[in-house]
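Input: a single structure, listed below in structure tokens.
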2 protein chains.
Amino acid sequence: MTGNRRTNDPQAVRRRIVDAAYDAFVAQGYLATGMMELREKASVSGGAMAHHFPAKRELGLAVIRDRVADAVRQTWIEPLQACADAPTAIDLIFENIISDLSRKGSVSGCPLNNMAMEVSPHDEEMREALSGVFTGWHDALSAKFQADVDLKRAIGIDPGSLATLVVAAYSGAMAIAKASQEVRPLRDCRQELAALLASKYALAG
Amino acid sequence: MTGNRRTNDPQAVRRRIVDAAYDAFVAQGYLATGMMELREKASVSGGAMAHHFPAKRELGLAVIRDRVADAVRQTWIEPLQACADAPTAIDLIFENIISDLSRKGSVSGCPLNNMAMEVSPHDEEMREALSGVFTGWHDALSAKFQADVDLKRAIGIDPGSLATLVVAAYSGAMAIAKASQEVRPLRDCRQELAALLASKYALAG
DNA sequence: ATTAAAACAGGACAATCGACCTGTTTGGAG
DNA sequence: CTCCAAACAGGTCGATTGTCCTGTTTTAAT
């Protein structure tokens with residue numbers, strides 16, 4: 001009698017769930033977000049949820065691999081490869097983040113950092129997945145520094161450790177910004193990193 | 001009949017609870033630690049727990065104000081004031097942390113950062129307390145840089161933003177170290193920060 | 001000694017968590 | 001068309017969460 005026909009679209013359902021989970025995990029954290037809450041936000045029944053993600057940790061893994069990794073790729077790796085050299089890319093990335101946060105008003109922090117802090121002690125597989133995202137980020141940055149060295153744009157650089165410093169400074173600045181709800185830490189780090197890189201790139205050229 | 005006499009020692013009981021809570025919060029996180037678990041670790045009855053900390057958030061606030069703030073003071077602020085200048089202090093602090101972690105084997109992360117990431121979105125009062133600890137840390141570092149400038153040990157320095165970079169680099173390096181379970185990120189940041197500060201301090205003197 | 005408040009014991013409470021169950025519907029392979 | 005697995009609906013389950021309650025003991029002030 002109820003003429004409503006159901007149309008199965010597993011990919012879309014799964015995407016809705018992962019999207020809602022990503023938003024909630026970033027905004028409130030992994031543990032603080034309940035499965036019931038995600039069902040409502042994604043408009044998904046308990047059966048569908050259990051079918052796609054039998055356990056919460058599998059949803060967490062999906063969020064890390066599908067969304068967190070992509071967020072890092074979009075905001076860091078791609079701009080890095082699109083710009084001429086590392087310093088201009090880094091400065092542009094910081095500028096984008098700062099203006100985004102200034103527009104939004106509140107600081108919810110770095111998605112990767114947020115999940116890594118909370119989840120790492122409890123689940124080895126998720127920890128390794130998060131570590132892999134960090135590694136990919138670091139390696140892309142390190143490769144760009146190395147390319148700049150090869151092109152004689154910079155000298156006296158240790159690409160690996162310098163990349164670590166940039167990643168750490170960004171993550172840490174985001175953490176402070178989240179705790180203080182201010183953009184100031186990001187501006188400070190942008191300024192200091194720009195000055196540091198400028199001195200290393202000035203010698204060449 | 002039971003001749004066992006009880007001796008009230010509220011300060012010691014409270015200290016046992018806060019100590020157990022600090023350890024657990026740092027190791028597994030605030031949300032992942034249950035009140036029941038803390039009662040057992042501190043050997044405290046439900047009544048005593050409720051008497052000293054009617055709600056979990058008050059215990060969280062006590063941990064932040066009594067233990068986290070003190071941890072930052074011990075590992076950062078005091079060495080900073082004891083050393084001659086900022087660069088040697090920072091390098092010494094990193095060395096201490098690195099050898100501690102190498103000895104311990106596992107990396108549980110920066111206590112301040114751990115709590116800040118997890119708790120900030122949920123509780124405004126705890127967020128402000130954590131932000132205050134960050135501010136105290138930053139200000140002590142900034143004051144040391146300023147002192148070095150006044151003593152003509154360094155020139156061309158912006159104490160405020162440089163302090164932010166150091167705090168962010170340390171927090172971020174700890175985060176990466178926690179996610180990857182390696183000390184490498186800390187070694188990298190130590191090396192880069194030492195080089196950066198050396199160049200700024202070389203011009204003077 | 002009396003008394004009131006602080007300190008503590010032990011258990012109960014509703015609420016919520018994540019996981020799971022049985023049944024129904026859809027959609028593609030044969 | 002037949003058939004079966006995938007996709008989905010809706011509800012239930014035990015366990016655990018944080019909080020609170022009643023009663024008892026200790027402590028200190030008067």
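Letters A, B, ... are given to chains in the order of the sequence lines, protein chains preceding strands, and every chain is numbered from 1.
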> Of all residues at least two apart in sequence or in a different chain, which pass the side chain to side chain contact (heavy atoms under 4.5 Å, CB included) check with A:Thr135?
Replying inline: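 Counting only residues at least two positions away or on another chain, A:Thr135 forms a side chain to side chain contact (heavy atoms under 4.5 Å, CB included) with A:Ser131, A:Asp139.
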
>> Using modelled atom types and a 3.5 Å cut-off, is there a donor and acceptor pairing between side-chain atoms of A:Asp188 and backbone atoms of B:Leu165?
In response: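 Side chain of A:Asp188 to backbone of B:Leu165, a donor-acceptor pair under 3.5 Å: no, none is there.
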
>> Please enumerate all residues that pass side chain to side chain donor-acceptor pair (under 3.5 Å) together with A:Glu182, with sequence neighbours excluded.
In response: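 A:Glu182 satisfies side chain to side chain donor-acceptor pair (under 3.5 Å) with no other residue.
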
> Excluding sequence neighbours, so at least two apart, what forms side chain to side chain donor-acceptor pair (under 3.5 Å) with B:Glu95?
Replying inline: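 Partners of B:Glu95 under the side chain to side chain donor-acceptor pair (under 3.5 Å) test: B:Arg190.
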
>> Generate the contact string for nucleotides 3-14 of chain C. Rules: B means base contact, S means sugar-phosphate contact only, - means no protein heavy atom under 4.0 Å.
In response: ---SBSBB----

Rounded distance (Å) that lies between atom [atom2] of [N] and atom [atom1] of [X]:
X       : N      : atom1 : atom2 : value
A:Glu58 : C:dA19 : CD    : C1'   : 12 Å
A:Met36 : C:dT16 : CE    : C1'   : 10 Å
B:Met49 : D:dT17 : CE    : P     : 12 Å
A:Glu40 : D:dA9  : CD    : P     : 14 Å
A:Met35 : C:dC20 : CE    : C1'   : 12 Å
A:Arg57 : C:dA19 : CZ    : C1'   : 14 Å

>> Does the plane of the ring in B:Tyr201 sit parallel, tilted or perpendicular to the ring in B:Phe145? Use 30° and 60° as the thresholds.
In response: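 Taking B:Phe145 first and then B:Tyr201, their aromatic rings sit tilted (interplane angle of 30° to 60°).
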
> What orientation do A:Trp76 and A:Phe94 show, parallel under 30°, tilted 30 to 60°, or perpendicular over 60°?
Replying inline: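 A:Trp76 and A:Phe94: perpendicular rings.
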
>> On DNA chain D, does the nearest nucleotide to B:Pro54 precede the nearest nucleotide to B:Ala32 from the 5' side, or the other way round? Give the residue.
In response: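 Here B:Ala32 is the residue nearer the 5' end.
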
> With the threshold set at 4.0 Å, does a side-chain nitrogen-carboxylate oxygen contact exist between B:Asp70 and B:Arg65?
Replying inline: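 No, B:Asp70 and B:Arg65 are not salt-bridged.
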
List the atom pairs, with distances to 0.1 Å, where a side-chain N or O of residues 20-28 of chain A and a protein N or O form a donor-acceptor pair under 3.5 Å, not counting sequence neighbours.
from, atom 1, to, atom 2, distance (Å)
A:Gln28, NE2, A:Glu37, OE2, 2.8

> Among residues 20-31 of chain B, which residues get a heavy atom nearer than 4.0 Å to DNA chain C?
Replying inline: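 Result for residues 20-31 of chain B: none.
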
